[in-house]
Amino acid sequence: MTGTLYGVGLGPGDPDLVTVKAARLIGAADVIAYHSAQHGRSIARGVAEPYLREGQIEEQLVYPLTVETTDHPGGYAGAMTEFYEHAAARLAAHLDAGRDVVVLAEGDPLFYGSYMHMHKRLSDRYPTEVVPGITSVSAAAAVLGRPLVEGEEVLTVLPGTLPGEALAEHLARTDSAAVLKLGRTFGKVRDAFEQAGKLDRALYVERATWSTGRSLPLSEVDPSSVPYFSLALLPSPVNDGVSSARPAVEAAPVPGEVVVVGTGPAGRPWLTPEAQEALSLADDLVGYKTYLDRVPVNPRQQRHASDNQVEAERAAFALDLAKRGRRVVVVSSGDPGVFAMATAVLEVATDPQWEGVPVRVLPGLTAAQAVASRVGAPLGHDFCVISLSDRLKPWQVITTRLTAVAQADLVIAIYNPASKTRTWQLAEARDLLLTHRSPNTPVVIGRDVGGPEESIRVVRLADLDPTTVDMRCLLLIGSSQTRHIEKPDGTHVVFTPRHYPTPPA
């Protein structure tokens, strides 16, 4: 049994205007798919969020470009055709597995909507149902309180992307009109209304039914303030859209690549849109099991978990998958370039056998930043980052560096302070720092920050007890200028002033 594909219209933006059927299907679906630009935010998902349930699979379909230029051999049409083909293949994998897929669409799915591209590619192969939604045209008329059409009047719906002459020609012939896709086209659209002799009747509606929406005469609108989600209305509209279809271009095969992604210390809450996009597009996820567990399971993807101490083998495995045409994400916690997997992948990739495999590194929120944020701004002035692990470097190197940064009076972020087999290093590091720092120097101890067992403590350097610190901790050791304030409610504020005192002449 295959799954069913649903194209679900969400209406113009107010979640209360989602139909009862749409809400029921969204809540029942196995897979929720939605489009977004490269910034990662999806208006459709935001509208549908009240109706989502925990545990649903999400497929984020990220456009390769919107108004940007492209070096794709097929130009804009080629890039978009390739995107739609691969997006359809991702949804088909779920449908083949018997999972019902709901594709979210702002407004109505078949009214200038992205869903229609999935419909064209999948509806002849799978059971399909389209759930209509309230269009922005109907919503704008409701906001204005003006009839769209009466009696035998004719309504014309136009995209603002048409040439100005064509717009003016259509506007001159019709009784009523709605012009969508404004944004950058607004100046041209306004001029077309003026050429048609109908500017004095035209109205403007922005983000219809949203709390941030507005409406006013079209002639009074500042062109620099017009967003994409707006339209021009000549009171009385309803259907007859104009196609802007582009010639089909055969999709080129997507080359494999390795993307090293930082998920931050706590997974999705601190995940960047760029990292979310990479995770969404991946065919394979590779990483230490604990970090992979932070990424929601998507049955379309292959997950390859391994032990934490096989970085080189993990990197080679990911590069080999990519060499065979797979899109691979190597999952790292925090930022992948800070004591994490980016270096391991790049080191292994220097081998000639991986010469043709692209490798990208996407940043993530570091553990040091996360811990610092919980108490204020201890990293507000110059600071350094040091790992106490002597597994990959001699302990003498670590103590030499600790001495140097202590003498330089830098705030120090300590990674890997202790483990089951490294039990004495932190005590020695503390004693070394006490030869250069006041016993009262504040030390922030953050454990599992962002996770279910999060804890934050602030102690004096002299009172730092190594037996209370493990591998899941990160320490921030203040400079001579770092201030610690304990409030009456027991919370702590720690910050390092931006100004450093001038030394005596």
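Note that these values count all heavy atoms, side chains included, but never hydrogens, waters or copies made by symmetry.
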query = Counting N and O atoms only, with roles assigned by atom type, does the side chain of D30 sit under 3.5 Å from a partner on the main chain of R99, one being a donor and the other an acceptor?
reply = no
Student check: side-chain heavy atoms of I398 and W395 closer than 4.5 Å = yes
T290 and L292: CA distance, side-chain angles, deciding distance, side-chain contact (heavy atoms from CB on, under 4.5 Å) verdict = CA-CA 6 Å; T290 300; L292 276 184; over 6 Å; no
request  = Taking atom types as modelled, find out whether T468 and R457 have a side-chain donor-acceptor pair closer than 3.5 angstrom.
outcome  = yes
inquiry  = I'd like to know if the side chain of S306 reaches the main chain of Y288, judged simply by a donor and an acceptor atom lying under 3.5 Å from each other, with no hydrogens or angles considered.
reply    = no
Stepwise side chain to side chain donor-acceptor pair (under 3.5 Å) test for H72 and E82 = CA-CA 10 Å; H72 192 283; E82 179 176 292; 3.1 Å; yes
note = Output for pair (L476 CG, L379 CG), nearest 0.5 Å, gives 5.5 Å
inquiry  = Tell me whether S333 contacts the main-chain N or O of P265 through its side chain, where contact means a donor paired with an acceptor under 3.5 Å.
reply    = no
request  = Determine the minimum heavy-atom distance between S479 and V411, stating which atoms define it.
outcome  = N-CG2, 3.7 Å
query = Hey, does I134 have a side-chain heavy atom less than 4.5 Å from the side chain of D108?
reply = no
message = Between R447 and D470 (salt bridge meaning N to carboxylate O under 4.0 Å), is one present in this structure?
response = yes
key: Worked check of side chain to side chain donor-acceptor pair (under 3.5 Å) between E220 and Y204   = CA-CA 9 Å; E220 298 178 11; Y204 170 85; over 6 Å; no
inquiry  = Counting C-beta onward and ignoring hydrogens, is there a side-chain heavy-atom pair between V359 and L319 closer than 4.5 Å?
reply    = yes
inquiry  = Ignoring hydrogens and geometry beyond distance, is a side-chain donor-acceptor pair present between Y51 and E49 at under 3.5 Å?
reply    = no
4.5 Å side-chain heavy-atom contact, V20 and R24 = no
Nearest-0.5 Å distance, CZ of residue R422 to CG of residue L388 = 7.0 Å
message = If I take atom CD from residue E85 and atom CE from residue M80, how far apart are they, to the nearest 0.5 angstrom?
response = 12.0 Å
key: Whether D283 side chain and R327 backbone form a donor-acceptor pair below 3.5 Å   = yes
query = L410 pairs by side-chain contact (heavy atoms from CB on, under 4.5 Å) with which of I477, V405, T496?
reply = V405
ask   = Do you know which two heavy atoms are closest between A278 and L362, and how far apart they sit?
value = CB-CD1, 3.7 Å
request  = Kindly assign one of parallel, tilted or perpendicular to the pair Y63 and H35, based on the angle between their ring planes and the thresholds 30° and 60°.
outcome  = parallel
inquiry  = As an exercise, state the distance from OH of Y115 to CG of L61, rounded to the nearest 0.5 Å.
reply    = 12.5 Å
key: Polar contact flag, side-chain donor to acceptor under 3.5 angstrom, D409-Y500   = yes
request  = Please report the shortest heavy-atom distance between V295 and R303, naming the atom on each side.
outcome  = O-NH2, 3.1 Å
ask   = Is there a donor-acceptor contact under 3.5 Å linking the side chains of E277 and S280?
value = no
ask   = Less than 4.5 Å apart, any side-chain heavy atom of L402 and any of L432?
value = yes
message = Does either side chain, that of H94 or that of E59, offer a donor lying less than 3.5 Å from an acceptor on the other one?
response = yes
ask   = Is a side-chain donor or acceptor of R437 paired with a backbone partner of G478 at a separation under 3.5 angstrom?
value = yes
key: Side-chain donor or acceptor of Q56 paired with backbone N/O of R53 under 3.5 Å   = yes
key: Beyond-backbone contact of L464 with L426, side-chain heavy atoms, under 4.5 angstrom   = yes
ask   = Short question: side chain of W270, backbone of A370 - any donor-acceptor pair under 3.5 Å?
value = no
inquiry  = Given 3.5 Å as the limit, does a donor-acceptor pair link the side chain of Q369 with the main chain of T366, or not?
reply    = yes
ask   = Side chains of D390 and Q425: donor-acceptor distance under 3.5 Å anywhere?
value = yes
ask   = Which atom names give the shortest non-hydrogen contact between A322 and V258, and what distance separates them?
value = CB-CG2, 3.6 Å
inquiry  = Within a 6.0 Å radius of atom CD on E355, are there more than 12 heavy atoms belonging to other residues, nucleotides or ligands?
reply    = no
query = Near K289 NZ, under 6.0 Å, is it more than 12 heavy atoms from other residues, nucleotides or ligands?
reply = no
ask   = Does D335 reach the main-chain N or O of G262 with its side chain, forming a donor-acceptor pair under 3.5 Å?
value = no
ask   = CZ of R483: more than 12 outside heavy atoms within 6.0 angstrom?
value = no
query = What distance separates N416 CG from L475 CG, expressed to the nearest 0.5 Å?
reply = 11.5 Å
ask   = Does some side-chain heavy atom of I456 sit less than 4.5 Å from a side-chain heavy atom of V449?
value = yes
task = Could you please spell out the steps behind the side-chain contact (heavy atoms from CB on, under 4.5 Å) verdict for I485 and F495?
result = CA-CA 9 Å; I485 301 170; F495 66 94; 4.0 Å; yes
Minimum heavy-atom distance T423-S419, with the two atoms named = CG2-O, 3.8 Å
request  = Begin with the C-alpha distance, continue with both residues' side-chain angles, and end with the deciding distance and a verdict on side-chain contact (heavy atoms from CB on, under 4.5 Å) for V103 and L91.
outcome  = CA-CA 9 Å; V103 180; L91 302 189; 3.8 Å; yes
ask   = So do Q38 and E274 actually touch side chain to side chain, heavy atoms under 4.5 Å?
value = no
query = Sub-3.5 Å donor-acceptor pair from the side chain of H381 to the main-chain atoms of R498, do we have one?
reply = yes
query = Between R326 and E257, is a salt bridge (Lys or Arg N to Asp or Glu O under 4.0 Å) present by the stated rule, with each step listed?
reply = CA-CA 7 Å; R326 306 285 288 180; E257 70 168 346; over 6 Å; no
request  = Specify the closest pair of heavy atoms between T185 and G160, including all atoms of both residues, with the distance to one decimal.
outcome  = CB-O, 3.4 Å
query = Would R214 and S225 count as having a side-chain donor-acceptor pair, cut-off 3.5 Å?
reply = yes
task = Check step by step if side-chain contact (heavy atoms from CB on, under 4.5 Å) holds for V329 and V286.
result = CA-CA 6 Å; V329 165; V286 176; over 6 Å; no
query = Rounded to the nearest 0.5 Å, how far does CZ of R401 lie from CD of Q396?
reply = 11.5 Å
message = Checking E106 against R207 for the salt bridge (Lys or Arg N to Asp or Glu O under 4.0 Å) test, could you report, in this order, the C-alpha distance in whole Å, the side-chain angles of both residues, the deciding distance, and whether it holds?
response = CA-CA 12 Å; E106 298 100 350; R207 298 186 173 97; over 6 Å; no
